[in-house]
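Throughout, a chain's letter reflects where its sequence line sits, starting with A, and its residues are numbered from 1. Computed over heavy atoms, backbone and side chain alike; hydrogens, waters and symmetry mates excluded. This structure is a prediction, so every number in the text was calculated from the model and none was measured.
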Amino acid sequence: MIVRGAPLSAAFYDREPDRVARELLGAVLSLDDGHGVVSGRIVETEAYLGPHDPASHSAVGRTPRTWHMFGPPGTAYVYFIYGMHWCVNAVTREEGYGSAVLIRALTPLAGLDRMRLRRPKARRDADLCNGPGKLCAALGIDRAFDGASLTGGSALTVCAGEAVPDAQVLVTPRIGISKAVEWPLRFVVRGDAR
DNA sequence: ACGCGGATGGCCT
DNA sequence: GGCCATCCGCGTA
């Protein structure tokens, strides 16, 4: 069975973040930690448009924390939040612009045994990766991957998967933010995330 | 099935 | 000093 195609290219990411967020649904995020591959199908994303988007980290400018959000398209921007969680983004548009897509949920595909070890509190497999902090814990994504390329050549990659038809895509406002709360920039595969 | 609050630490003002 | 692009457990129903 084919669950994973070629890595998505820099050209894929070098477009408007909402477009990339929509098309990232169905793609496969995978991390090879040297013992094997841990991966999941992307089922929830959010677009952060850039410096003019009040909810975007890039709105504060290029600081040490937000540095890699201004990197070239296809870069991983990984940040630490609430004193204990990591979250991973895929940088979009041209280098220096500052837009990205937050990966919010995965359906586990491979390496479930390793995910369970890293997420002992998950009672069901469905709870392994159904949140931005949870999926980073399950895959073992942390500061070490901030600035890594997702387009191949690093241990963390995003590969083509089965396309998700429009009829299965739900668009809603973004979650957990306090600015620009109405903007419809969250993309969810119906019935698959949350 | 909800809603609420505590944990926990780095970063910007 | 205050604010987080969160998660989890506990309370009420």
Residue whose nearest DNA chain C nucleotide is more 5′ - A:Asp127 or A:Ile177: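 Nearest nucleotide further toward 5': that of A:Ile177.
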
Earlier contact from the 5' end, DNA chain B, for A:Gly83 and A:Pro64: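 Nearer the 5' end of the strand: A:Gly83.
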
[X] [atom1] to [N] [atom2], straight-line distance once rounded to whole Å:
{"X": "A:Ile81", "N": "C:dC8", "atom1": "CD1", "atom2": "C1'", "value": "17 Å"}
{"X": "A:Asp146", "N": "B:dG10", "atom1": "CG", "atom2": "P", "value": "15 Å"}
{"X": "A:Phe80", "N": "C:dC7", "atom1": "CZ", "atom2": "P", "value": "13 Å"}
{"X": "A:Glu44", "N": "C:dT6", "atom1": "CD", "atom2": "C1'", "value": "12 Å"}
{"X": "A:Arg124", "N": "C:dC8", "atom1": "CZ", "atom2": "P", "value": "12 Å"}
{"X": "A:Arg119", "N": "C:dG9", "atom1": "CZ", "atom2": "P", "value": "10 Å"}
{"X": "A:His57", "N": "C:dC3", "atom1": "NE2", "atom2": "P", "value": "15 Å"}
{"X": "A:Asn89", "N": "C:dT6", "atom1": "CG", "atom2": "P", "value": "11 Å"}

Pair partner, C:dT12 [Watson-Crick or wobble, under 3.5 Å]: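 The base-pairing partner of C:dT12, which may sit in any strand shown, is B:dA1.
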
Complementary nucleotide of B:dT8, counting Watson-Crick and G-U pairs under 3.5 Å: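 With both distances under 3.5 Å required, B:dT8 matches none.
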
Does a side-chain N or O of [X] approach OP1 or OP2 of [N] to a distance below 4.0 Å, or not?
{"X": "A:Arg186", "N": "C:dA5", "answer": "no"}
{"X": "A:Lys134", "N": "C:dC8", "answer": "yes"}
{"X": "A:His85", "N": "C:dC7", "answer": "no"}
{"X": "A:Ser178", "N": "C:dC3", "answer": "no"}

C:dA5 pyrimidine/purine six-ring stacking with A:Tyr48, under 5.5 Å and 30°: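 Yes, A:Tyr48 stacks on the base of C:dA5, since the ring centres sit under 5.5 Å apart and the planes are within 30°.
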
Charged N to carboxylate O below 4.0 Å: is that the case for [X] and [Y]?
{"X": "A:Glu23", "Y": "A:Arg15", "value": "yes"}
{"X": "A:Arg124", "Y": "A:Asp127", "value": "yes"}
{"X": "A:Asp53", "Y": "A:Arg174", "value": "yes"}

Closest to the A:Arg143 side chain, choosing from C:dC8, B:dC11, B:dC12: B:dC11

From C:dA5, C:dC8, B:dT8, nucleotide with atom closest to A:Leu102 side chain: C:dA5

Aromatic ring pairing A:Phe80/A:Trp86, orientation class (parallel under 30°, perpendicular over 60°, tilted between): tilted

Salt bridge (charged side-chain N to carboxylate O under 4.0 Å, His left out) between A:Arg118 and A:Asp33, worked out: CA-CA 13 Å; A:Arg118 295 201 178 100; A:Asp33 63 11; 3.1 Å; yes

Base B:dA7 paired with A:Tyr82 side chain (donor-acceptor, <3.5 Å):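 Checked by distance alone, the answer is no.
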
